[in-house]
Structure formats: structure tokens, C-alpha cells
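Data first, discussion second: the structure below is written as C-alpha cells.
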Amino acid sequence: MKRKVWASSPVFFVISAVLLLTAGISWFWNIVVFTAEITLAVASIAAVLIANRHFKAHIAFAFKSVGEVLTGDRYRSLRQFALPVAVIGEAGDIIWVNDMFLDQVSANRECRGDNILKFIYPATTEQVLSAGGTEVTFGSRQYTVFGIRTEAGSVLYFLDDTAFQEISRNYEESRTIVMLASFDNREELTRDSSSSEETRIASEVEEVLARWAQGLGGFLKRMSSGRYLILTDEAHLRTEMKKRFPVLDSVRAIKAGDRLSATVSVGVARGAKTLQEADDWARNALNMALGRGGDQVAVKQANDTYEFFGGLSNGVEKRDSVRTRVFAASISDDIKESDVVFVMGHKYSDLDCVGAAIGMWNVACKTLRRPSYIVLNLTQSLASPQITALQNAYPDEKIFMSPQEAQMLATSRSMLVVVDTHSQDFVESAELLKTVPRVVVIDHHRMMVRHIENALVFFHEPYASSTCEMVTDLLQYIGDSKLTQTEAEALLSGIMLDTKNFVLKTGARTFEAAAYLRRKGADTVSVKRMFSDSIDAYKAKYKIVSNAEIFGRFAVASTEHEFPDIRIASAQAADELLSIQGIEASFVLFPAGDVINISARSLGDVNVQLIMETLGGGGHLTMAGAQLSGLSVSEARDRLIAAIRDFTEKASNHTNEKS
């Protein structure tokens, strides 16, 4: 930035004078040096004189232009104008300012010759002239600058709106924020406790929340069913977001004996126009937090986006037979009212997806006797053993159908059951989802922001080990008389896949579902055969494992080349990496078409869902994934490592703040 755009001439005159003096001294020393220096001095003086003449002509022309436009009364009126005004040249140099500009903006310091960027930075002159008002800050004042072009330059008007900005800032910071908090696991903590212990835990949680609300300058109001209403303001919320809601740690410090820790979930409405809208947003945000496993805060923003805090702990299994029975009755009634039922999962369906689809197909087709089909892309499914087994069991029936066939068959009375996903972006056919008006969702993955809305039934349990476990529970209430060994084995294979043979994310519910399927004839040996690999896939899996790199407690592996069983091999490689000592989470990158896929696994101490969400993916705590487009494997690997480091840094900061 130039200090004075016409103050450089004296400097160059001084330099030229020094050169001339040096040449004079050289006369007594060396005639050759004298000749060279005197020539250089004369040339520099000539150049400065010419440049100065041209610049004075530019200034004279600018002043003349101003004089032509602002003559007589106009000039005096603009000089005494109530708003600061500056006339600038084509190069951004300030040619003329009025009295108000000198008084308010430049603090009575001479500013003619300064570059206008001194007063409007980081905005540029072009931005000011093209916009209908540009907010700038200079010193302690805030201005909205308007500009118009003239033939000789431009005129800028400075509107001092410091007071209005302060009023606006105070208004924004004092806006009411509505929060809804829920004691996530009260029933689980107090199930085997005495009434006095239950009262102690509940009162301690409420006391922590009440102190937190008071610290936010607000208050807490107890509602029914372990829920609380908290009111605060935007300024306190912004501070709390910077601290990442330490109230979650305070509640987690409350324990039932030496066993489980108490957890709360909080839904926050930020930027709502009315209190009624804020209440709706807070409820949606709380449902989102609970749907993601609880122990976290979900902040719903005015632009219909969410920001999440916490969610680092594993969810506690919840068993509610009444809730499952209600969902089963509702789904059963909806199926009975349908002329045809389609069951659809996610793209590249796995054993859990197809197993759950087979279970719901059995309910609709065999138990409730409605025409039913499983919508599937057979060429992209990873569950070929299940598909082959069902086709062999029912050789004369059409069970599987392509999305195109389903769209042609769908009517206004048709019903679509979406299993093992709740995201509209991951379903097998987005077109079929839009075509069929009546939709039921059954899923266990943690809630994503872009989920299927307006479903007739949204049966979502992030605490369940698998969708097959959820469908097995539904079967027992809808009717299981038609469940055969083939369907039971398909459901059991899905449970075994997502629990890694009953190692990860298992609860009492999981084993009860497995025992029920075993009673229905599921053969564990036959299920084990569904997990068999070809020799090529087996070699590829261990080749991926051998290329892994270790980053602390994380293992990252990748393969550059695509092959037929790459998805299965990569997922299994991610599982294998967890068996390495000291590894708590693993990631495998592999190409598939024009995208790079990432399979993420963990043993439960690291929430891989949070890492994958930063890359546009999702999943749940121990199993997640993402897809990256327009990148090479190495570029996607760099982005993954950056996301891991960011996650580690946040977790480290969180630990330091606690200590």
C-alpha cells in the first residue's frame, strides 16, 4: 500500500542529488567513473522531472474534473455534507475529501495522496463500486461505504453505522436460545438399583444441568420423562460452543456404583425466528442427538444444518419391548393396506442389508400374504451367498427385482420398506424412493442429517447391533410361523457380520435374537460358509494388510488397483488390522469406478463415524465409511490422514480441558 501516491518525487530528487554529488567527488578520482555517474545522475533527474510532470498533469486533470462537476454552491454543499465523502483517482489515490471525512474518518490528519485502501481494507475499490454498500472497519468505527464512478475517478460515501452495528450485535447476542436436554440412560442406570439410588442419580444429573443453565445466564425447567427445558441467549451459547459443552463430561462423571456413567443429550435451536419454531428445532435436534447414540449436543442452525459436539462414548443398549411391539403393529397394518410391498436396502448391499430385506420379505409375503419383492442390483451386491440360498429355496418364485422393474410395478398404494440405511443418498434406488409414496424405514446406523423424512414408520435404534437384530425382534411380534431355516440363517449371518462374530457392539438383545434364530433352525456352520472367500480375495486381503501404515493408534492401508472382490477384501482387511497390537481404529482406501471408498473400523474406543462424517460419510461408532470423488487414492489418503489428525487433536484438547 502506498503511503502518499504523490509524495515519492522529493525522495527521488534527493536520490538524484546524491548521485550528482557522488559524481562530483569522482571527478578528482577517476574520470571514467565520473562520466558514468554523471550520466546516471542526469538521466535519473530527467526521469523524475518527466514522471513528476505527468503526475501533476494527472492531478490537475482530476481536480479540473472535480471542479467541473462540483462548482460554486455544489462544492460548498459537498464540502459541508453531513456524510464523509472522498474523491479518488483511477489508481486509488485520494484527491479530495470533505470536512466530515477529515473530522470523522481521518481524525483531522492530512489524507489527500493516501491510497483509499488505507480506509477500506480488506475491501477493494472495485468491490465497493460494484456492491450496493460494503461494510468496513477503520479504527474503532464501522462504516458502510457506497461508491459511484465518474469520468475522472470515483466518489465514495462513508455512512457511520457503528451505533447500529452495536445495536444489531447486542440484539443477536441477546436472542433467546431454546434447549431440550434428555437424561439418556436413566432406566439403564437404575434398573437394578434401589429407589434411593435412583433418586440420587436423577437428582445429581438435574443439579449438574441446573448449575449449567445458571452459568449460561438462563434457567432450567423440568419436564416429563427425564427431559428438561433450558433457556439462555446467543452470547452464552457461542461461548459454550467454543468450550465444546463441558457439561457432557460433568454428567458423565456421575456413576451408578462402579458401573455405567450417566449421559445426557441436548438439542439446541439456534437462529429460529419465533419461539414456536425454536421449540420445533430443539425437538428435532434432540431427536438427532439421540438417533446418533446420545451423549452429545446437536445444534440446529438457521440454514437447516447441524453441528455436533460430543458423541465420543459408546451407546448403552436399550430394550423396550413395548416400543418394538408398537412399531410391529404399525408396520403390520401398513403392509396389509398395500397392494405390493418392495423391500430395498443400500447400494452395494451386504449380509446385514440383504438378511434384513429377506426377513421383511418373509413378513410381507409369507406371513401377511401381500405380493412382495426385494429390490436389488444383483451385479453389485456383496451378499451373493444369501441371494443364492433364497433362490434355491424358492425356485418357482420371483423374489428379487431390479429398481427399474419395481418402478414400473409401483402404484399409489404400494409400500417401500427401506432397511439398513436411513439416508436418501445411499439407498439402492433414489428414483424408487421418490416414486413410492408410502415408506417405512428400519435402520441401526447413527442418525445422519440428510435422512428420509415423512416416513410412515421410522424404526431407528442406534443401539442395536444390526438391522437383522431389529427385524428379528419385529418378526416375533408380527408372526413367525412362516420363517424357514433359509430366512433364519440369512438373518443370523447379518448379525454375525455387524458384530464381527459376536465380538463388537453386542448386548443381551443380540444374543436373544441369535438364540431365537437358532431355535428356528439356523445352522451356524451354514452361516459360517457364507463368509468364505475365494483364494484371490484372500490373497488380496492380506496384500492390503501388508501395505498398512501405523499412525499412533490408527492403521491406514490402501490399494491402487480395482479387482472383482475389492469391497469384500477391503472390508475384511480393515477388520484384520484391528487385531494388530495397539491399533484402535483402521481405515482401508480402495478405488471403485470413479470414486475412492474408505472402510473404517474400530474396537469402540474411537468413534470412526465422527471421522468419516468430516469426509462426507457416516455409519456408526465401530463401523463407518465414506466416498470421495475426483481424487486419486494418494490424495484421498492425505485427506483421511488430515481428518484423523484433526480428530486426534480435538480429542486431545478435550482430554486436556477435562484435566
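Closest non-hydrogen pair, Gln386 versus Ala490, comes out as NE2-O, 2.9 Å. Here the shortest heavy-atom pairing between Ser466 and Ile495 reads OG-CG1, 3.4 Å. Contact between Pro591 and Ile566 at its shortest, heavy atoms only, is O-CD1, 3.5 Å. Nearest heavy-atom pair across Leu390 and Ile374 is CD2-CD1, 4.4 Å. Taking all atoms of both residues into account, the shortest heavy-atom contact from Met470 to Ile442 is CE-CG2, 3.9 Å.
The neighbour count for Arg645 CZ, taken as heavy atoms of other residues, nucleotides or ligands under 6.0 Å away, does not exceed 12. Within a 6.0 Å sphere centred on CG of Asn392, heavy atoms belonging to other residues, nucleotides or ligands number more than 12. Taking a 6.0 Å sphere around NZ of Lys434, one finds it holds 12 or fewer heavy atoms contributed by other residues, nucleotides or ligands.
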Worksheet item: Do Leu603 and Leu504 pass the side chain to side chain contact (heavy atoms under 4.5 Å, CB included) test, and can you show the C-alpha distance, the side-chain angles, and the key distance before you say yes or no?
Response: CA-CA 7 Å; Leu603 293 174; Leu504 298 177; 4.1 Å; yes

Discussion item. Between Leu376 and Met401, does the side chain to side chain contact (heavy atoms under 4.5 Å, CB included) criterion hold? Intermediate values first, please.
Written reply: CA-CA 6 Å; Leu376 194 65; Met401 179 178 289; over 6 Å; no

Item to complete: Before giving the answer on ring pair (Phe, Tyr, Trp, His ring centres under 6.0 Å), spell out for Tyr394 and Trp361 the whole-Å C-alpha distance, their side-chain angles and the decisive distance to 0.1 Å.
Response: CA-CA 13 Å; Tyr394 301 96; Trp361 169 83; 5.3 Å; yes

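Thr421 and Ser423 form no side-chain donor-acceptor contact under 3.5 Å, judged by distance and modelled atom types alone. Using a 3.5 Å distance cut-off with no hydrogens or angles, the side chains of Ser381 and Ser349 do pair a donor with an acceptor. In the model, Ser265 has a side-chain atom that pairs as donor or acceptor with a side-chain atom of Asp184 under 3.5 Å.
Among pairs with a residue in residues 626-635, none fulfils salt bridge (charged side-chain N to carboxylate O under 4.0 Å, His left out), at least two apart in sequence or across chains.
Among residues two or more places apart in sequence or in another chain, the side chain to side chain contact (heavy atoms under 4.5 Å, CB included) test is passed with Arg450 by Gln424, Asp425. With sequence neighbours excluded, no residue forms a salt bridge (Lys or Arg N to Asp or Glu O under 4.0 Å) with Arg518.
A salt bridge is defined here as a Lys NZ or Arg NE, NH1 or NH2 lying under 4.0 Å from an Asp or Glu carboxylate O, and Arg509 with Glu461 meets this definition.
Between Phe587 and Phe554, the angle of the ring planes lies from 30° to 60°, which puts this pair in the tilted group. Taking the six-membered ring where tryptophan is involved, the planes of His422 and His451 are tilted, since the angle between them lies from 30° to 60°.
Taking the six-membered ring for Trp and the full ring otherwise, the centers of Tyr373 and Phe400 sit at least 6.0 Å from each other.
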